[in-house]
Amino acid sequence: MSLPRFTKSFTRAEPVPEAGVEAALAVLRSGRLHRYDVDEGEEGEAQALEREFAAWQGARFALALASGGQAMQVAMRAAGVRPGEAVLTNAWTLSAVPSAVVAAGARPVLVETTADLVIDMDDLEAKARATGARWLLLSHMRGHLCDMDALVDRCGALGVAVVEDCAHTLGARWGGRRSGSWGLAACFSTQGYKHLSSGEGGLLVTDDEGLMARATILSGSYALHPRHGAGPPEEAFGEALLSEPNLSARMDHLRAAILRPQLAEVEDRVARWNARHDRVARALARHPRVRLPLRPAPEAFVGSSLQFLLDGAAPHEAEALVAACAARGVSIRWFGATEPRGYTSAHGSWRFVQAQALPRTDRVLAGLFDMRLPLTFTAEDCDLVAAHLAEAVNDVIGRE
Ligand SMILES: *Cc1c(COP(=O)(O)O)cnc(C)c1O
């Protein structure tokens, strides 16, 4: 190996902006950490985050929650998913997504993934018809957006309501329209390595008054829902006040204080992520064995991670590539592994979901690799990572 070993961490996020540190200290000094610890008419950090996020996202209402997973569970329940009901969702996603369906008492029906890493709409339609499912929890996994216009048309015709999982598409757009504005509701995560980070956290947006009223009660608002600046009017609560359980999934002022200054710089982050992504992608695209998923013209994605495919790679080759990269200091994941590794797990290892045959997804995942591109990487870091990757593919798989 002629290249210098890569030594930077693939998981290191940037520091919290100074304004966030200051705001967090102010919360700590006030002693008022709980979101409902505000005076009459006062706007706390959690309320301010909800107001600012709703405005930024272009949604009528926003609710800050304890995690993205809780946002999805709350969204499903608040939308009206009934126990035992079928909920369509992506076969290729993180385990938190089918888990949220299960937590809402429903039954995940997994939909195939295309070679370009988006939901397979023909399989979606076939499974919607076969199961009578009324819901789709659509995961824009790793930031790959399907043709959203076509999806909305298909689901509309099938009577399937869409809830978006935007954990990887905060800041992304399809045809100029923000991801998270296409369905009944959308969920975002502010966990460690996401586009906004408070360690743990989530956000739920919707334009639907009743849904947001139920979500607010579900999040654990006790009878303090009037202290939600970005929530629906009092009249919308009605029977939800007594009918919905309390899942204790609130966000606190401290995390909200950390997030607000990050929201102000998210467009800048998106541009910086995409510069890193495109630099590595351009270099990889020159390798004859590497395939990059198609990114259609209407898609404006956020390149916080990069996916590449080695179609037809054997499992031992995939394992050897991950090991060869690790030896070079380059951390990549393979989605085809049968045992869960870190944040990647294939549908076959979700034992809490009834086993389902997904041959097309399995074929794609067998050759699918993933790499994070943190903002702490410089342009030179990206070039070195790309060069290592190309060399490792040559060593393990070859060029032909
Ligand atoms: C992180 C993530 C989630 C869940 O977010 P948490 O805040 O960790 O619960 C959901 N979907 C995808 C695709 C994610 O990456």
Side-chain angles (χ1 to χ4, degrees), residues 10-11 13 49 53 62-77 87-104 106 108 110-111 113 117-119 135-146 162-172 179-180 182-183 185-205 215 218-219 247-252 255-256 258-259 262 273 293 301-307 333 335 340-347 349-350 352-353 361 365 368 370-374:
F10 280 74
T11 54
L49 173 67
F53 191 73
L63 177 67
L65 292 135
S67 71
Q70 287 283 23
M72 290 186 286
Q73 184 195 165
V74 164
M76 297 273 92
R77 287 173 180 262
V87 174
L88 300 157
T89 193
N90 305 60
W92 176 53
T93 184
L94 289 201
S95 63
V97 180
S99 298
V101 174
V102 169
L110 305 178
V111 180
T113 309
L117 308 183
V118 296
I119 198 158
W135 312 99
L136 167 64
L137 178 56
L138 175 65
S139 184
H140 305 300
M141 178 60 170
R142 284 292 182 270
H144 295 269
L145 290 167
C146 66
V162 180
V163 173
E164 296 180 72
D165 164 23
C166 300
H168 300 156
T169 54
L170 189 151
S179 181
W182 296 81
C187 305
F188 299 81
S189 167
T190 64
Q191 195 233 77
Y193 191 85
K194 307 282 168 152
H195 302 169
L196 303 175
S197 172
S198 53
E200 300 287 356
L203 289 151
L204 167 60
V205 298
L218 282 160
S219 75
L247 304 182
S248 276
R250 298 166 298 270
M251 183 182 280
D252 53 274
R255 293 185 205 180
I258 293 170
L259 289 168
Q262 297 181 52
W273 256 313
F301 61 92
V302 184
S304 51
S305 67
L306 181 140
Q307 292 68 47
R333 306 293 169 117
F335 275 103
R341 306 267 166 83
Y343 59 90
T344 54
S345 72
H347 64 88
S349 44
W350 303 336
F352 51 86
V353 174
T361 299
L365 299 191
L368 177 59
D370 180 79
M371 185 174 61
R372 286 173 167 179
L373 289 170

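Just so you know, these numbers come straight off a predicted model, no measurement behind them. First listed ligand is number 1; within each ligand, the first listed atom is number 1.
In terms of modelled atom types and a separation under 3.5 Å, the side chain of Y193 and the main chain of F10 share no donor-acceptor contact. In this structure a side-chain-to-backbone donor-acceptor pair under 3.5 Å is missing from S197 to K194. Between the side chain of E200 and the main chain of S67, no donor-acceptor pair closer than 3.5 Å is present.
Take W135 and apply the side chain to side chain donor-acceptor pair (under 3.5 Å) test, not counting sequence neighbours, and it matches E85.
Atoms CG and CZ, from L65 and R255 in turn, are 10.5 Å apart once rounded to the nearest 0.5 Å. One distance of note links OG of S179 with NE2 of H140; it measures 3.5 Å at 0.5 Å rounding.
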Between the protein and ligand 1, which nitrogen or oxygen pairs come in under 3.5 Å, and how far apart is each?
| unit_1 | atom_1 | unit_2 | atom_2 | d |
| --- | --- | --- | --- | --- |
| ligand 1 | 5 (O) | S189 | OG | 3.2 |
| ligand 1 | 7 (O) | G68 | N | 2.8 |
| ligand 1 | 7 (O) | S189 | OG | 2.7 |
| ligand 1 | 8 (O) | Q191 | NE2 | 2.9 |
| ligand 1 | 9 (O) | G68 | N | 3.4 |
| ligand 1 | 9 (O) | G69 | N | 2.7 |
| ligand 1 | 11 (N) | D165 | OD1 | 3.3 |
| ligand 1 | 11 (N) | D165 | OD2 | 2.8 |
| ligand 1 | 15 (O) | H168 | NE2 | 2.5 |
| ligand 1 | 15 (O) | K194 | NZ | 2.6 |

